[in-house]
Amino acid sequence: SNRVVNLAKHLEPNGEFTAEHQSEAAPEVDDTELVEGAKRKEPWALDTLIHRYQSKAYAIADRMTAGDEEKARDLTQEVFIKVLRSIKKFKGNSSFYTWFYRIVVNTCLDARRKEQRWRKIFKFGSGSPSPDTFSEDRDLESHRDFDPSSDPMKTLSGKELKQDIRAALAQLSDHQRMVFTLKVFEGFTIKEIAGMMNTAKGTVKSHLFRATRHMRKALGHWAISS
């Protein structure tokens with residue numbers, strides 16, 4: 001439908017809706033009511049559902065694409081195309097947000113797999129490894145040197161911190177990056193993440209441990225000595 005095809009026009013670079021579109025949102029209603037309305041293709045329910053969850057999808061897509069706004073917007077639109085096309089299949093056996101995040105996770109990971117397959121077929125550039133092709137076999141302990149006597153908070157801006165976080169995330173494997181994003185940035189539990197990623201809790205914990213260790217090392221120069 002045109003509603004699905006034109007989703008992208010409502011997405012700002014930061015993942016927010018335009019003010020005009022926000023003003024059309026219906027009052028706060030329960031997800032269950034929204035889902036039932038969306039199944040009946042009621043415009044208010046579709047708009048409100050998109051408004052409520054699109055920024056959450058964009059935030060994950062943004063981190064999984066290392067801050068590539070165009071790719072993040074495309075993935076966010078793809079997520080909602082899948083959601084709206086399959087909404088009638090949602091039976092309510094789990095919460096809507098769990099079902100929704102499972103689609104977000106699968107969409108982002110599938111996109112990463114496709115991208116990496118194409119990179120293997122068409123090896124452009126000098127052949128030096130990209131941060132996005134990080135292997136779990138690479139030394140997670142490696143990080144750049146810094147002067148411990150200096151206070152980086154005085155010389156680096158918040159923008160630079162954000163860039164450093166994105167660069168550090170880009171060095172993680174796809175599954176490590178997804179687990180770290182869902183746990184640290186989105187606040188999900190290990191059990192919830194395991195359900196979203198259709199994997200064992202022990203596997204989630206392993207990915208989280210590796211990711212956390214790497215992020216602490218990669219961002220260690222931001223620590224302020226007491």
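If you're wondering where the values come from, they're calculated on a predicted model, not measured in any experiment.
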request  = Tell me, with the steps shown, if Tyr58 and Glu69 meet side-chain contact (heavy atoms from CB on, under 4.5 Å).
outcome  = CA-CA 9 Å; Tyr58 182 89; Glu69 292 180 0; 3.8 Å; yes
key: Derivation of the side-chain contact (heavy atoms from CB on, under 4.5 Å) call for Arg63 and Glu186   = CA-CA 11 Å; Arg63 295 187 177 99; Glu186 302 301 324; 3.6 Å; yes
request  = Could you check Asp174 against Arg113 for salt bridge (charged side-chain N to carboxylate O under 4.0 Å, His left out), going step by step and ending with a plain yes or no?
outcome  = CA-CA 9 Å; Asp174 293 341; Arg113 281 192 287 267; over 6 Å; no
ask   = Could you go step by step and tell me if Val35 and Phe100 meet the side-chain contact (heavy atoms from CB on, under 4.5 Å) rule?
value = CA-CA 11 Å; Val35 169; Phe100 171 81; over 6 Å; no
ask   = Do Thr107 and Asp110 pass the side-chain contact (heavy atoms from CB on, under 4.5 Å) test, and can you show the C-alpha distance, the side-chain angles, and the key distance before you say yes or no?
value = CA-CA 5 Å; Thr107 299; Asp110 285 346; 5.9 Å; no
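The shortest distance between side-chain heavy atoms of Trp99 and Ile87 falls below 4.5 Å. In this structure, the side chains of Ile81 and Arg85 come closer than 4.5 Å at one or more pairs of heavy atoms. For the pair Trp44 and Leu34, the minimum side-chain heavy-atom distance is below 4.5 Å. Side-chain atoms of Leu109 and Met64, non-hydrogen and from C-beta on, do get closer than 4.5 Å to each other. Side-chain atoms of Leu84 and Ile50, non-hydrogen and from C-beta on, do get closer than 4.5 Å to each other. Residues Lys201 and Ile193 fail the side-chain proximity criterion, which asks for heavy atoms closer than 4.5 Å. Contact annotation: the side chain of Val29 approaches that of Arg52 to within less than 4.5 Å [non-hydrogen atoms, C-beta and beyond]. Residues Val204 and Leu182 form no side-chain contact, since every pair of their non-hydrogen atoms from C-beta on lies 4.5 Å or further apart.
Expressed to the nearest 0.5 Å, how far NE2 of His175 lies from OG1 of Thr199 amounts to 7.5 Å. Between the CG atom of Leu75 and the SG atom of Cys108 there is a distance of 5.0 Å, given to the nearest 0.5 Å. Here the NZ atom belonging to Lys39 is positioned 10.0 Å from the NZ atom belonging to Lys88, to the nearest 0.5 angstrom.
Within 6.0 Å of atom NZ in Lys82, more than 12 heavy atoms from other residues, nucleotides or ligands are found, so the atom counts as buried in its surroundings.
Heavy atoms only, all atoms of each residue included: Ile103 and Val79 are closest at CG2-O, 4.0 Å. Here the closest heavy-atom approach between residue Glu42 and residue Arg40 is recorded as OE2-NE, 2.7 Å. Here the closest heavy-atom approach between residue Met215 and residue Leu172 is recorded as SD-CD1, 4.2 Å. Leu169 and Arg177 make their closest contact through O-NE, 3.2 Å (heavy atoms, listed as atom of the first residue, atom of the second, distance). Closest of all the heavy-atom pairs between His214 and Ala168 is NE2-O, 3.1 Å. In terms of heavy-atom proximity, Phe188 sits nearest to Lys183 at O-CD, 2.9 Å.
Hydrophobic clustering of Ile, Leu, Val, Met, Phe, Trp and Tyr side chains at less than 4.5 Å, counting indirect connections, keeps Phe209 apart from Met197. One hydrophobic cluster, built from ILVMFWY side chains closer than 4.5 Å, holds both Val83 and Met196. A continuous path of hydrophobic side-chain contacts links Leu49 to Phe80 [ILVMFWY only; heavy atoms under 4.5 Å].
Between the side chain of Thr189 and the backbone N or O of Glu192 there is at least one donor-acceptor pair closer than 3.5 Å. Judged purely by atom type and a 3.5 angstrom limit, Glu33 has no side-chain atom pairing as donor or acceptor with the backbone of Asp30. In terms of modelled atom types and a separation under 3.5 Å, the side chain of Arg102 and the main chain of Gly195 share a donor-acceptor contact. Side-chain N or O atoms of Thr65 include one that pairs as donor or acceptor with a backbone N or O of Asp62 at under 3.5 Å.
Contact check on Glu70 versus Arg73 returns no salt bridge, with no Lys/Arg side-chain nitrogen under 4.0 Å from an Asp/Glu carboxylate oxygen.
Using cut-offs of 30° and 60° on the angle between ring planes, the pair Phe185 and Phe180 is perpendicular.
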